[in-house]
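Before any comments, here is the structure.
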Amino acid sequence: MICIAAVVVTYNRLEALKETLSRLLAEPLDHVIVVENGSTDGTSDWLDGQDDPRLVVLRPESNIGGAGGFEMGLREASARFDPDWTVLMDDDAHPQPGAITAFRGETLPALPEGTGAVAAAVFLPDGAVCEMNRPTRNPFWDRKVLWATLRGGTHAFHLTDAEIQGTAPQPVDVASFVGFFLSRAALERVGLPDGGMFIYGDDVSYSLRLRRAGMGLLLDPNVRFEHACGSLGTDMALRPIWKIYYLARNNIEVCRLATGPVLWPFAVGFYVLAWTRRSRRYSAAERGLYRRMLRAGLRDGLRGRSGRNEAVHAAVSLEQSAAKG
């Protein structure tokens with residue numbers, strides 16, 4: 001019997017977590033591990049009241065972010081249960097009914113040899129494809145995709161709605177940690193995700209490491225997840241603004257993995273230009289803080305800094321408090 005575990009990382013989203021755990025425990029999963037990152041909204045007490053024997057709760061000493069949570073959860077799952085497959089997700093994401101059954105009964109028997117991970121198709125609650133979780137192909141590894149990207153923009157290396165909503169599995173190079181089914185074989189060859197990234201980029205980094213190790217990554221449109229993500233407002237701007245720091249810092253490593261030792265400075269330059277322009281999505285009062293977070297992230301990324309940056313969080317909190325006062 002194939003053993004499948006789930007790892008969920010949560011922080012201050014109790015109502016979303018309740019829905020996610022309800023969906024997970026209704027599926028044929030052998031173990032469900034929740035990494036509780038020090039929530040202050042009653043999450044820990046609520047988890048203490050759950051009695052499903054499949055549920056394991058981990059409590060790190062401090063908030064280690066989504067990246068640290070996935071690293072911890074996978075390490076614990078491997079050491080305690082040694083599952084054949086482990087599926088990862090945020091606390092506001094969950095399988096649609098029957099997703100795990102479909103993975104067990106339809107996906108696994110048809111997987112090509114050498115597949116290290118399988119990505120679910122991820123949708124918003126209204127049924128639209130979730131942009132945050134849209135899988136991609138690396139244009140630097142495929143001349144046709146690179147040429148299409150140079151001609152048509154970044155959307156050229158993203159999977160289309162038709163591919164995500166279809167029925168045929170699609171080979172990809174990058175997928176998000178929402179409905180990301182990771183095999184034991186991949187963990188043995190590639191290791192754990194980089195928890196030092198804190199948030200953002202850990203799934204992209206891991207996907208690229210997996211592909212560089214010669215293992216396959218497939219999107220299976222028949223395995224569907226729902227993601228009620230809320231980091232982007234109607235203006236498509238990340239909030240809180242300190243998230244820009246981690247996005248910028250961690251993308252330095254992502255660019256290295258995606259392009260190699262020669263081209264990565266050009267990829268970073270393109271990225272810097274794109275994200276500098278995105279400052280226009282913020283109010284005039286926020287743009288200065290946005291640009292400081294961007295510069296700090298780029299500087300620390302080039303220096304190889306990792307982990308949670310307390311100074312960044314403090315600076316954002318101080319400036320926002322001053323603006324309100």
Side-chain angles (χ1 to χ4, degrees), residues 67 119 129-161 163-164 170-177 193-194 196-212 217 219 229 231-233 235-239 241-282 286-306 309 312:
V129 171
C130 185
E131 290 297 333
M132 182 181 291
N133 308 120
R134 187 184 290 270
T136 62
R137 299 183 175 99
N138 185 357
F140 296 99
W141 294 348
D142 187 310
R143 291 181 180 178
K144 290 183 179 179
V145 178
L146 178 59
W147 178 241
T149 301
L150 292 173
R151 288 188 303 166
T154 57
H155 68 276
F157 60 82
H158 290 74
L159 261 63
T160 65
D161 284 7
E163 289 172 315
I164 295 171
Q170 300 289 331
V172 296
D173 297 314
V174 171
S176 72
F177 281 171
D194 183 359
M197 285 185 156
F198 189 68
I199 62 167
Y200 294 136
D202 52 319
D203 45 9
V204 181
S205 168
Y206 195 85
S207 297
L208 292 169
R209 286 166 54 198
L210 183 145
R211 295 289 294 115
R212 280 184 172 274
L217 172 57
L219 166 82
C229 49
S231 292
L232 293 174
D235 56 358
M236 296 297 289
L238 279 173
R239 289 185 173 81
I241 292 180
W242 52 257
K243 291 183 176 182
I244 299 300
Y245 166 82
Y246 293 103
L247 192 66
R249 186 191 72 182
N250 297 342
N251 260 357
I252 299 294
E253 176 62 16
V254 166
C255 287
R256 288 192 179 106
L257 287 168
T259 63
V262 176
L263 294 177
W264 75 266
F266 298 98
V268 170
F270 174 82
Y271 159 77
V272 171
L273 177 62
W275 280 92
T276 299
R277 288 176 175 173
R278 289 195 182 192
S279 67
R280 292 176 293 188
R281 298 178 179 177
Y282 293 80
E286 294 176 309
R287 286 174 195 162
L289 181 59
Y290 173 96
R291 294 188 181 109
R292 290 212 308 278
M293 292 296 103
L294 182 61
R295 289 194 297 268
L298 292 169
R299 180 191 65 235
D300 285 354
L302 291 170
R303 293 175 176 175
R305 179 170 182 168
S306 64
N309 188 328
V312 162

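On a predicted model such as this, the values are computed, not experimentally measured, just so you know.
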- [ ] Check for a donor-acceptor pair, side chain of T136 on one end and backbone N or O of H158 on the other, with a separation under 3.5 Å.
- [x] no
TODO: State, to 0.1 Å, how close L219 and V172 come at their nearest heavy-atom pair, and which atoms those are.
DONE: N-CG2, 4.2 Å
Task: Criterion salt bridge (charged side-chain N to carboxylate O under 4.0 Å, His left out) on E163 and R137, from CA distance to verdict - done: CA-CA 13 Å; E163 289 172 315; R137 299 183 175 99; 3.5 Å; yes
Open item on the list: Is it the case that the side chain of S279 and the backbone of R287 share a donor-acceptor pair, with hydrogens and angles ignored and the cut-off at 3.5 Å?
Closed with: no
Open item on the list: Let's go through F266 and T259 carefully: what are the C-alpha distance in whole Å and the side-chain angles of both, what is the deciding distance for side chain to side chain contact (heavy atoms under 4.5 Å, CB included) to 0.1 Å, and is it a yes or a no?
Closed with: CA-CA 9 Å; F266 298 98; T259 63; over 6 Å; no
Task: CA sep, side-chain torsions, deciding dist, call: M197, S205, side chain to side chain contact (heavy atoms under 4.5 Å, CB included) - done: CA-CA 10 Å; M197 285 185 156; S205 168; 3.7 Å; yes
TODO: Using atom types as modelled and distance alone, determine if a side-chain donor or acceptor of R212 lies under 3.5 Å from a backbone N or O of L257.
DONE: yes
Open item on the list: If I take atom OG1 from residue T276 and atom OH from residue Y271, how far apart are they, to the nearest 0.5 angstrom?
Closed with: 9.0 Å
Open item on the list: Quick check for you: to the nearest 0.5 Å, what is the distance between C255 atom SG and F270 atom CZ?
Closed with: 10.0 Å
- [ ] Give a yes or no answer on whether the side chain of Y282 reaches the backbone of L238 with a donor-acceptor pair at less than 3.5 Å.
- [x] yes
- [ ] Keeping the roles fixed (side chain from R211, backbone from L208), state whether a donor-acceptor pair exists under 3.5 Å.
- [x] no
Open item on the list: Side chains of D194 and Y206: any donor to acceptor distance under 3.5 Å?
Closed with: no
- [ ] Check whether any side-chain N or O of N138 sits under 3.5 Å from a backbone N or O of D173 as a donor-acceptor pair, and report yes or no.
- [x] no
Task: Spatial distance of atom CH2 (W141) from atom CZ (F157) [nearest 0.5 Å] - done: 12.5 Å
Open item on the list: Looking at R134 and D161, is any side-chain nitrogen of the basic one under 4.0 Å from a carboxylate oxygen of the acidic one?
Closed with: yes
- [ ] Please work out which of the three classes, parallel, tilted or perpendicular, describes the rings of Y290 and W275, given edges at 30° and 60°.
- [x] parallel
TODO: Determine, stepwise, if the pair R281 / E286 fulfils salt bridge (charged side-chain N to carboxylate O under 4.0 Å, His left out).
DONE: CA-CA 10 Å; R281 298 178 179 177; E286 294 176 309; over 6 Å; no
Task: Shortest non-hydrogen separation from A258 to F140 and the atoms involved - done: O-CB, 3.4 Å
Task: Pairwise side-chain contact, K243 with L247, heavy-atom cut-off 4.5 Å (strictly under) - done: no
Task: Pairwise distance CZ(R292) to CD1(I244) - rounded to 0.5 angstrom - done: 13.5 Å
Open item on the list: Once rounded to the nearest 0.5 Å, what's the spacing between atom CG of N133 and atom CD1 of I164?
Closed with: 9.5 Å
- [ ] Of all the heavy-atom pairs spanning L298 and A248, show the shortest one and how long it is.
- [x] N-CB, 4.0 Å
TODO: Give every residue pair that meets the side chain to side chain donor-acceptor pair (under 3.5 Å) criterion with at least one member in residues 246-256, sequence neighbours excluded.
DONE: Y246-H313
TODO: Provide the closest heavy-atom pair for V312 versus M293 in the form atom of the first, atom of the second, distance.
DONE: CG1-SD, 3.4 Å
Open item on the list: Main chain of F177, side chain of D203: is a donor-acceptor contact present, judged purely on distance under 3.5 Å?
Closed with: yes
Task: Separation of R295 CZ from R299 CZ (nearest 0.5 Å) - done: 9.5 Å
